[in-house]
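Because the structure is predicted, anything quoted here is derived from the model rather than measured. Every chain is numbered from 1 and lettered A, B, ... according to where its sequence line falls, protein lines coming before strand lines.
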Amino acid sequence: MKEPLIVLENINIRTRDRSILSIPRFELFPGEALGVMGPNGAGKSTLLKTMALLDLPGEGTVFYRGKKVTDHSVLDVRRRFAVALQQSLLLDMTVHQNIAIGLKLRHRSRREINMKVEHWMEVFKISHLARKQALHLSGGEAQRVNLARAMILEPEVLFLDEPFSALDFPTKVQLLKDIKQVVSKTNTTTVFISHDLTEIKYFTQRMAIIMGGEIKQAGSTAEVLSEPNAYAASFIGEWSRLLT
Amino acid sequence: MMELLFEGLIKAFEMIISGDPEIVEITLRTLRVSMTAILVSTLLGLPAGMLLGLARFPGRKLILVLINIGMGLPPVVAGLWITIFLWRSGPLGDLSLLYTPAAIVIAQTLVSLPIVTGLTATAFQQIDEKMILQIKALGATRWQLVWILMKEARLAILAAIIAGFGRVVAEVGAAMMVGGNISGETRILTTSIVMEVSKGNFDIALALSFIIMAIAFLITFCLTFLQQRKRPE
């Protein structure tokens, strides 16, 4: 059994009157593609923020490769991850500069940055957009830039928070195919949050259903879809049976 | 009316071309005082505005309300308070700043600071919280995050500085009160205009107004140029 890459332990995140996330233990293994599904407000994005170390939880511990992540080590560990959110959230600069920004923040040499930007623009078929202002791109183009900006960091874990939900169907399918190919080729561990069962089924080997801030079922994607427990069934219900 | 405007324009040209030492001195002092005031306002207002726009802490809303009130603060009221503070028997009387250019800088800073701070805070409040999250996710340190956000909000930041500069350069009431319009010491273009009008020298007042408008135009032009620099398509 592989050692987990990330472990969440006794995580409790609360607002004044309700629990946002309550996870006794949850693990992410190297090389896997983990899907996370749940209704709106279930805590999916909070789970992603916690796992991606964008916020350290007030209560509970995050372990990375067996070591506890602290205030001191959080930036160093966070820099091993990459996140692509639903909105592409590109900066007001050119496509080339947007893709380069993460490496610039890590003070990499200009030569290395240019070489990698060229490579990842080619992978995501956006080389022709290099000098274009990022805020003038179409939704599909912007999301390709967003993914290139994440993948250029060569992350150990790639977090995808519904990155295709705002795209039209053909664009979504093409992009899903492309990112799956890239992730498989680079053997990048991926956490994929989605509302779309077909995306989860296509992309992930393991999935978790989160509801009310708690993980109600986790297991292989095929298993969760074919034998959802009562909680999971109440959310994915008939749809999962139609797909299996 | 047109004749008066024309005379004022001619007079302005004469004053500039002849290099009238008093006008040169007043113009340079105006520039020095106004630029110092807007620089101080920017240095104080930018970080304060960013903090108010991005951070959440108790009392933040109250501070924002006070800043918005400050944006409409009548300059004479600001002048009055500064005079009270700098008056010989006042709390800061020992500094002997009243009727000096420094007092005018303080007054102009006081009236422009809420504008720079308030507009900067608004600019940063409008930044999508997810954008901040995304920049953090790209591996930015706290200072790198601040730098990127400043670049993202640069149009609004420059607009705040332009608005603050407009207030500074147009300010007369407070400058008159704390500076005293002393010839060779604290006389600036706006206070000179008021004085010349009171003396009935409309041509000189108009000439001075053209000079101050030219300064305001040039500086605002430069700032706007900086703000609207052409970006590649």
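Separation of atoms CG (Leu54(A)) and CD1 (Ile132(B)) is listed at 12.0 Å; rounding is to 0.5 Å. Taking NZ of Lys104(A) as the start and CD of Gln144(B) as the end, the distance is 11.5 Å to the nearest 0.5 Å. Atom NZ of Lys136(B) sits about 14.0 Å away from atom CG of Leu105(A), to the nearest 0.5 Å.
Shown here is Phe217(B), whose CZ atom has no more than 12 heavy atoms of other residues, nucleotides or ligands within 6.0 Å. Environment of NZ in Lys151(B): sparse, with no more than 12 heavy atoms of neighbouring residues, nucleotides or ligands closer than 6.0 Å. With a 6.0 Å radius and a threshold of 12 heavy atoms from other residues, nucleotides or ligands, His128(A) has its NE2 atom above the threshold. Counting heavy-atom neighbours within 6.0 Å of Arg56(B) CZ, excluding the residue itself, gives a total above 12. Surrounding CD of Gln125(B) are more than 12 heavy atoms belonging to other residues, nucleotides or ligands, all under 6.0 Å away. At most 12 non-hydrogen atoms from other residues, nucleotides or ligands lie less than 6.0 angstrom from CZ of Phe85(B).
Within the 3.5 Å criterion, the main-chain N or O of Leu89(A) finds no donor-acceptor partner in the side chain of Gln134(B). Distance alone, capped at 3.5 Å, places no donor-acceptor pair between the Glu152(B) side chain and the Leu91(A) backbone.
Heavy atoms of Ile101(A) lying under 4.5 Å from chain B belong exclusively to its side chain. Looking at Asp76(A), neither its backbone nor its side chain comes within 4.5 Å of chain B, counting heavy atoms on both sides. At a 4.5 Å heavy-atom cutoff, Leu103(A) makes no contact with chain B through either its backbone or its side chain.
No other option in Thr141(B), Leu133(B), Leu138(B), Ile135(B) has as many heavy-atom pairs under 4.5 Å with chain A as Leu138(B).
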